[in-house]
Structure formats: structure tokens, C-alpha cells
Colleague: 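Attaching a single structure in C-alpha cells format; questions to follow.
Lettering of chains follows the sequences in order, A, B, ..., and the numbering in each one begins at 1.
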Amino acid sequence: MLQIHNNLTRQKEEFKPLDANNVRMYVCGMTVYDMCHIGHARVLVVFDVIYRYLCEVYGKDHVTYVRNITDIDDKIIARANENGENFNALTGRFIEEMHHDSDALGILSPNQEPRATMYMAQIIEMVQTLVDKGFAYAADNGDVYYAVSKFEKYGELSGKHIEDLRAGERVAVEDAKKDPLDFVLWKAAKPDEPSWDSPWGKGRPGWHIECSAMSTECLGHNFDIHGGGMDLQFPHHENEIAQSEAATGEKFANVWMHNGFVRIDDEKMSKSLGNFFTIREVTKKYDPEVLRYFILTSHYRSPLNYSDKQLDTAKAALTTLYTALRGVEITAPDSRDTEYHQRVCNAMDDDFNTAEVLPVLFDLAKQVNRYKDSNEEKAKYFAALLSDIASMIGLLGQDPEAFLRGGSSVRGGDEGVSADEIDALIEQRNQARIAKDWAESDRIRDELKAQGVVLEDSGGVTSWRRE
RNA sequence: GGCGAGGUAGCAGAAAGGCUAUGCAAGUGAUUGCAAAUCACUCUAAUGUCGGUUCGAAUCCGAUCCUCGCCUCCA
């Protein structure tokens, strides 16, 4: 029985999809004006794992996963101007970069990836509905605002009260707003800004309405899961609820999920603080799967402290797992009906506890290693299980040799000794070993070690990996 | 100020009212020409602090200290 922590009720609940034949999940994706950082990697990985498990439980064809792209907003416009570039060219470029990163991280494609600019009609329609129903008003300056005080449940998701928000108000009140808490649905265009025609003149949508319109269009008025980063809970998701429920008169998402932050030195990693690393920077030094593994070592709602030391640990752990798989033929993997599969399901059923899945992988790796030299059939059996189980959370999908031989030097573009050179040196060393010339044998091993290549003589063969 | 999350071994990080987390690191043995890898074994918590409930609490309750997040664009 799958249980999910629902931020709307602030407790773990049994997950009951509205329609088990079509489980629907919407996740707030990226605003594409720059490279993705590790915080983005976490959302991608966390919800990818959730998506995979929903597919496991309900069947691949019975889950619809939508992750949007915000491709029009202030920052995009500002960046495009800085670059002297059309905003579409800019967002197109960074969408490609994002896909590059998510592929590297082993993220499955969502079923739909709606872009705000392609849903302008639906956005305008929803704003109009809100105006018609009296939840929104057009101000003198051409902007359209949502009147927060009209929506009774405002604050339900974030646990905030309108009075508290007023007391803590720190934003200068814009004249056009009737109430400082009101937020913009439609922004009138300034000269030279990209704009779309609307009943209120040329302009562009506010950020919150984009997600309301896209999720409703793609998944219907009422759907199962809405996710995103912690920081989106307020105001973004709160506003989405206010917009969608006011517009449709129906309940919006049933379950709200928010992943915790990536931190650096106990501080939130974010663009505004400037203390972020991009995925691209990190994957120059580490295999992207190392980053994925690192993310999965902690529960998705906990904060995650990033450091090279943590990635080194993750890398060592993955090396152990891949070393077990190395040299074993993986045959028709099917782990269902095994205790291992059950253990993984138990862990995942408990609010997607990926950290509890990892020990299962190590148990299996141990079995493989145990039988590797003595019982090939058993080794193959456990290797197949390991591979299959790991794939449930998107791990161990690479060829073991490729992972083990791809050290940071290779990733950084500086290969150092080539594979051919290494093979030649190993051959030389083996000649020396046959002649019992240990000095020469060790010299070659040390020479390679100095270049980050580790030799391992086991089972009569010498294999190598990069550090 | 309002609201929320959390404080677990050298590090990271699960579980959780009595039953081995796990990984990395460390130690011992087997193996190895020596290593590495692997296997077996070992090792570290009186689970922030102080009280309470209980036969028994890290796990429940109260207090307290500390850290972090949201309240502004942000995954």
C-alpha cells in the first residue's frame, strides 16, 4: 500500500488515485534562462523516481507525468536583452541544455512537457474566467490581478493566514493593486517586450497562472499529484490552488509533494544566493550517475548537503556495485516475486524511501560477489536481480566497464593514458609477472596508479578502472 | 514577528516504544608474489539538553538550546 506525505494535510496518507487507469502527476519544472544546477537535478531525480514507482505499481501505460517549462518571464526577458538575443532563441537553447542534463542523469521523459508560450489561449481563457467570476480585476495600468481576499481557502497549503501575511508584508505596495497580497495574472507589456494579444491589451502571463492553465489543460481540473521544490509551496502553489479552484469550482490537486533543498554549508543553494553548482560543472568531475546516487541517499523531503566529499562517497558506493556486476552476463532480468523486490516495494511504499532501497542493492551485490568464482549460474541470477532492482530507481543502467573506466580525467576531457596504452602496459606487466620480475611488475602498476588507473588481478585476469 | 522542518556513530544517512540499517572511513582474518578487488568477522551512539509517561524510549509527552526553510524571484 503506497503511502505519500501530503503537504496539503501535512501527513502521510494512503495514495488513492482518482483513476487507477490513469494516475496523473504534474511537476513544476524549470524556468529556462540558464543552465540547470544541482537543485534542479534533485527535482528531476526525485520525481523521476516517483514516476518510475508509480509506473511499477499502476503500469507504465496508466501514469501520466507532466513537467512544464516556463519559457516566458522577467528573468528570461532580462537575460535575452543582456545577450541581445531573441527570447525564443534563448529559451530554445536552454531547453536543449536541460534535456542534455536530464538525459545524463537518467531521467525518463515526462509524457508531456508543456511550454507556457504554447498555452497562451488557455492562460488567457482562465484569466478571463477569473475576471468573470469576480476573483480577478483589471487594474488601470493594464495588469490583471487576482483578489486574494475573494478566495476563502487562501493559505490552506502553506498554513499561512491572510492576517499574518499582511503583518509580515515587506513588499512595497504597487499602486495598481487593491490589496498588497494580490498577485498578477496578466502583465501589460512594456515597450519592446514580447507580448501576446489579450482582452486587456498586449501583455504576458504571470508565472502562477501558467502552471494552473497548463496542468488543467493537460490533466483535467482535478488530478492526483502536484509536485515541485519546497520553495514553491508559497506563494506559487498556494496561488495555483486559488486560481484553479476559483476558475473550475473543483478541487485542484489531491496530493501536494515538495522536495527538500540542496544546501551548501547548511545554506540553501540558489541562484539568488549565488552559491550554486551547475549539473554540467559537477558532471565534469563525476559520472552523472554519481550525482543521481547521491540524491537518492537521503529522503526526498530532507535537506541534502552537497560537498565533494559526499560525491566521493557516492562514487565509491557505485563503484562497489558496478564492480560486482563487472564480468557477469546479465540475462533476462525479472525480480518480481523475490524478497528483494518486496523489500524495495516496502521501502518505496513508505513515502518513496529511496535510502532504504540502497541496502537491498548491496545485499544483492554481495551475493553476486560470493558466487562469482564458484557458481556462475547463481552469480548471473543475482546480477540479473541486482540490475533489475536498481533500474526501479534508475541506477546501474550503464555498462559496468564503461562506468569503472570513466574516471574524472576522462570526464574532464583529458583522458591521460588511453585504454590501448593501459592494455599494452598490462600485457607488459603480465610478462614480467610470468618471469616473476616483481620489481618491473610493481613499477608498471605504480606508474598507472600515478595516472589514476587502478589494476585489479582477480580470477586470473587483470582488469582496470579509473579513480 | 508568523508558519514549518530538523538535531542519530569519524562522515553521510535510514529505521524506530524492546529485535543487525546501509554506504564511506577504520581494524582483524582469508585470499594475493605484494597489492587491489572480494569474502568472513570486528568496531564506534547511552540517538542535542533537562524532565515526564512506560516493565522498557533514540522512538510518546513537556520544557529548553541549536540549525535550517518559507513569509520576495527561486527546484
Colleague: Surrounding CD of A:Q431 (heavy atoms of other residues, nucleotides or ligands, distance under 6.0 Å), is the total greater than 12?
Modeller: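 Counting other residues, nucleotides and ligands, CD of A:Q431 exceeds 12 neighbours.
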Colleague: Of all the choices, B:rA75, B:rC71, B:rG33, which nucleotide is nearest to the side chain of A:R433 once you look at every atom?
Modeller: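 Selected nucleotide (nearest to the side chain): B:rG33.
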Colleague: Distance check, C1' atoms only: B:rG29 and B:rU64, in whole angstrom units.
Modeller: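 These two C1' atoms come out 49 Å apart once rounded.
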Colleague: Using only side-chain N and O atoms of A:T313, determine if any of them is under 4.0 Å from OP1 or OP2 of B:rA25.
Modeller: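 Answer no for this pair, as no side-chain N or O of A:T313 is under 4.0 Å from OP1 or OP2.
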Colleague: Please give the distance between the P atoms of B:rA37 and B:rG27 as a whole number of Å.
Modeller: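 B:rA37 and B:rG27 have their P atoms separated by 13 Å.
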Colleague: Considering only side-chain heavy atoms of A:T31, which listed nucleotide, B:rC73, B:rA14, B:rA75, is closest?
Modeller: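 Minimum distance to the A:T31 side chain belongs to B:rA75.
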Colleague: Using the side-chain heavy atoms of A:K309, tell me which of these nucleotides is nearest: B:rC73, B:rG69, B:rC11.
Modeller: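 Among B:rC73, B:rG69, B:rC11, the one nearest the side chain of A:K309 is B:rC11.
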Colleague: Need to verify one output field. Residue with the more 5' nearest nucleotide on RNA chain B, A:D442 or A:R263?
Modeller: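 Upstream on the strand: A:D442.
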Colleague: What do you reckon, is NZ of A:K271 surrounded by more than 12 foreign heavy atoms closer than 6.0 Å?
Modeller: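 Correct, the count exceeds 12.
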Colleague: Parallel under 30°, tilted from 30 to 60°, perpendicular over 60°: which one fits the rings of A:F87 and A:W196?
Modeller: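 Because their plane-to-plane angle is over 60°, the rings of A:F87 and A:W196 count as perpendicular.
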Colleague: Please state the P separation for the pair B:rA15 and B:rU54 - nearest whole angstrom.
Modeller: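 Rounded to whole Å, the distance is 28 Å.
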Colleague: I'd like the P distance from B:rA46 over to B:rG4, given in whole Å.
Modeller: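 It works out to 32 Å between them.
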Colleague: Given the ring of A:Y145, does A:K178 sit roughly above its face, with NZ or CZ under 6.0 Å from the centre of the six-membered ring and within 45° of the axis?
Modeller: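 Because its charged atom misses either the 6.0 Å distance or the 45° angle limit, A:K178 does not stack over A:Y145.
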Colleague: Quick check on RNA chain B: between A:S441 and A:D312, whose nearest nucleotide comes earlier from the 5' end?
Modeller: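 Comparing both residues, the 5'-ward one is A:D312.
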Colleague: Taking atom P in both B:rU31 and B:rC43, what distance in whole Å separates the two?
Modeller: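 It comes out at 23 Å once rounded to the nearest Å.
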Colleague: B:rA15 phosphate, OP1 or OP2: any side-chain N/O from A:N353 under 4.0 angstrom?
Modeller: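 For B:rA15, OP1 or OP2 has a side-chain N or O of A:N353 closer than 4.0 Å.
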Colleague: Taking all atoms of both residues into account, what is the closest heavy-atom pair of A:N68 and A:C28, and its distance?
Modeller: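 Between these two residues, the closest heavy atoms are OD1-CA, 3.2 Å.
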Colleague: Heavy atoms under 4.0 Å is the rule here; annotate nucleotides 17-22 of chain B 5' to 3' with B where the base is hit, S where only the sugar-phosphate is, and - elsewhere.
Modeller: ----BS
Colleague: Looking at A:E401 and A:R405, is there a salt bridge between them, counting it only when a charged N and a carboxylate O are closer than 4.0 Å?
Modeller: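 Looking at A:E401 together with A:R405, the answer is yes, because their closest N to O distance falls below 4.0 Å.
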Colleague: Could you give the distance separating B:rA57 and B:rG18 at their P atoms, to the nearest angstrom?
Modeller: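 Each nucleotide's P atom is 11 Å from the other's.
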Colleague: Has the side chain of A:R42 got a donor or acceptor that lies under 3.5 Å from a partner of the other kind on the base of B:rA75?
Modeller: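 Result: no qualifying N/O pair found.
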Colleague: Are the aromatic rings of A:Y300 and A:F47 close, with centres under 6.0 Å apart?
Modeller: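 No, too far apart.
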Colleague: Return no unless some side-chain N or O of A:K268 is found under 4.0 Å from OP1 or OP2 of B:rA75.
Modeller: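 Checking B:rA75 against A:K268, no side-chain N or O comes under 4.0 Å of OP1 or OP2.
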Colleague: Taking the P atom of each, how far is B:rC24 from B:rU38, in whole Å?
Modeller: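 Roughly 8 Å separates the two P atoms.
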Colleague: Which whole number of Å gives the distance between the C1' atom of B:rU20 and that of B:rU44?
Modeller: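 The answer is 15 Å between these two C1' atoms.
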Colleague: Kindly say whether, by distance alone, the side chain of A:K160 makes a donor-acceptor pair under 3.5 Å with the base of B:rC70?
Modeller: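 Side chain to base: pair found, below 3.5 Å.
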Colleague: Looking at A:S302, does any N or O in its side chain come under 4.0 Å of the phosphate oxygens OP1/OP2 on B:rA14?
Modeller: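 The answer is yes; a side-chain N or O of A:S302 sits under 4.0 Å from OP1 or OP2.
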Colleague: Tell me if the CD atom of A:E96 is crowded by more than 12 foreign heavy atoms within 6.0 Å.
Modeller: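 Count not over threshold, so no.
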Colleague: Given the side-chain rings of A:F277 and A:H37, with only the six-membered ring counted for Trp, is the space between their centroids under 6.0 Å?
Modeller: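 When the ring centroids of A:F277 and A:H37 are compared, they turn out to be at least 6.0 Å apart.
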Colleague: Can you pull every protein N or O that's under 3.5 Å from an N or O on nucleotides 37-39 of chain B?
Modeller:
unit_1, atom_1, unit_2, atom_2, d
B:rU38, O3', A:N369, ND2, 3.1
B:rC39, OP1, A:N369, ND2, 3.3

